[in-house]
**Q** 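Before we start, here is the structure in question, set down as structure tokens.
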Amino acid sequence: MTIVEFFFDIRSPFSMVQHELLIRQQKHWKSMTELRMTPVLIRNLFVASGNPSPALNPTKLAYLARDLEMVTAYHKIEYTLPKDFRKIATELPMENTQLFLTAIKNHLDEATFNRLVGVIFRGYFQEPPKHVWDVDVLKQLAIQDGIAPDVVEKAINAMKSDENRAQLQQNTDNCAQLGAFGLPVTLVHSDNNKNSWVFGSDRMHIVGQLLGEKEPPILRP
Ligand SMILES: N[C@@H](CCC(=O)N[C@@H](CS)C(=O)NCC(=O)O)C(=O)O
């Protein structure tokens with residue numbers, strides 16, 4: 001009976017990869033009884049840890065783009081880096097997406113919320129990339145995914161409230177307190193959470209070890 005908590009931001013392409021891998025893995029690792037997905041703000045994590053976004057460093061950004069091509073091809077994940085990714089990642093106020101997800105999470109069961117997170121990741125990282133920070137686009141994606149229009153409206157009405165903003169910041173602070181400096185972060189809950197998390201989408205074997213799983217991860221469909 002172990003909770004695996006996935007801290008993510010939709011603007012993080014490696015979070016998109018880890019989301020897909022965790023969803024695949026959940027079918028195989030019975031010890032992962034709860035897969036909790038927690039929206040955070042990656043920019044605030046970068047600020048809190050004093051770690052500048054790799055998208056601000058042209059050499060790192062070029063590697064990141066090439067690495068993502070190789071990684072998604074290996075895992076057979078459909079993916080395109082949006083052409084204006086650097087600008088969006090570093091300049092656009094994309095917090096609407098994370099605020100919307102924080103608000104709608106209160107109304108959905110775990111499986112439905114986790115599926116919606118995937119829909120929004122794919123909306124941004126598959127052709128043609130959608131403006132997933134636009135409330136109308138979020139509304140359309142959620143309703144197309146089968147979420148009741150009144151639930152979507154409730155989330156839209158609540159997303160900019162002080163309470164919802166505070167929840168998103170609390171999620172981010174919880175992630176920062178682990179020692180995180182970027183995303184994705186995958187935490188295997190334990191008595192000593194401090195040491196039971198990994199950074200990145202390339203540590204699924206360590207997640208398995210932290211879970212006490214004997215089966216290695218299935219990294220390809
Ligand atoms: N090796 C990791 C890289 C993850 C990564 O680069 N994440 C970005 C956001 S998409 C980040 O937060 N980077 C911070 C850093 O590398 O310092 C993976 O394969 O997932």
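One-based numbering, in listed order, for ligands and for the atoms of each. Computed from a prediction, not measured in an experiment: that's the story for all the values here.
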**Q** Which of the atoms of ligand 1 are close to Phe181, meaning less than 4.0 Å from one of its heavy atoms?
**A** 17 (O)
**Q** Please write down residue, atom name and distance for the protein heavy atom closest to atom 7 (N) of ligand 1.
**A** Leu183 O, 2.7 Å
**Q** Tell me: protein heavy atom nearest atom 10 (S) of ligand 1, and distance?
**A** Ser12 OG, 3.2 Å
**Q** If you take the nearest heavy atom of each of Val71, Asp202, Leu64, which one is closest to atom 19 (O) of ligand 1?
**A** Asp202
**Q** Return the orientation label for the Tyr124 and Trp133 ring planes: parallel under 30°, perpendicular over 60°, tilted otherwise.
**A** perpendicular
**Q** What atoms of ligand 1 come closer than 4.0 angstrom to any heavy atom of Phe46?
**A** 12 (O), 14 (C)
**Q** Applying salt bridge (charged side-chain N to carboxylate O under 4.0 Å, His left out), run through Arg165 and Glu95 and close with a yes or a no.
**A** CA-CA 10 Å; Arg165 283 183 190 281; Glu95 65 170 13; 3.0 Å; yes
**Q** Does a side-chain heavy-atom distance below 4.5 Å link Arg24 with Leu22?
**A** no
**Q** Do me a favour and list the nearest non-hydrogen protein atom to atom 13 (N) of ligand 1 with residue, atom name and distance?
**A** Pro54 CG, 3.5 Å
**Q** Any side-chain heavy-atom pair from Leu183 and Gln18 closer than 4.5 angstrom?
**A** no
**Q** Can you tell me which portion of Asn51 lies within the under-4.0 Å heavy-atom range of ligand 1? Options are side chain, backbone, both, or neither.
**A** side chain
**Q** To check your reading of the model: name the closest protein heavy atom to atom 16 (O) of ligand 1, its residue, and the distance in Å.
**A** Phe199 CZ, 3.9 Å
**Q** Report, in ascending order of atom number, the atoms of ligand 1 lying under 4.0 Å from any heavy atom of Pro13.
**A** 10 (S)
**Q** Show which atoms of ligand 1 fall inside a sub-4.0 Å distance from at least one heavy-atom site of Gly182.
**A** 12 (O)
**Q** Which heavy atom in Ser31 sits nearest to a heavy atom in Glu213, and how many Å separate them?
**A** OG-OE2, 2.6 Å
**Q** Note the single closest protein heavy atom to atom 5 (C) of ligand 1, along with its residue, its atom name and the distance in Å.
**A** Phe14 CD1, 3.3 Å
**Q** With a 6.0 Å cut-off (strictly less than), is the heavy-atom count around CD of Glu163, excluding the residue itself, greater than 12?
**A** no
**Q** Specify side chain, backbone, both or neither for Ser201, according to which of its non-hydrogen atoms lie closer than 4.0 Å to ligand 1.
**A** both
**Q** How far apart are the closest heavy atoms of Thr172 and Leu41, and which atoms are they?
**A** OG1-N, 3.1 Å
**Q** Considering only heavy atoms from C-beta outward, does the side chain of Glu78 approach that of Arg122 to under 4.5 Å?
**A** no
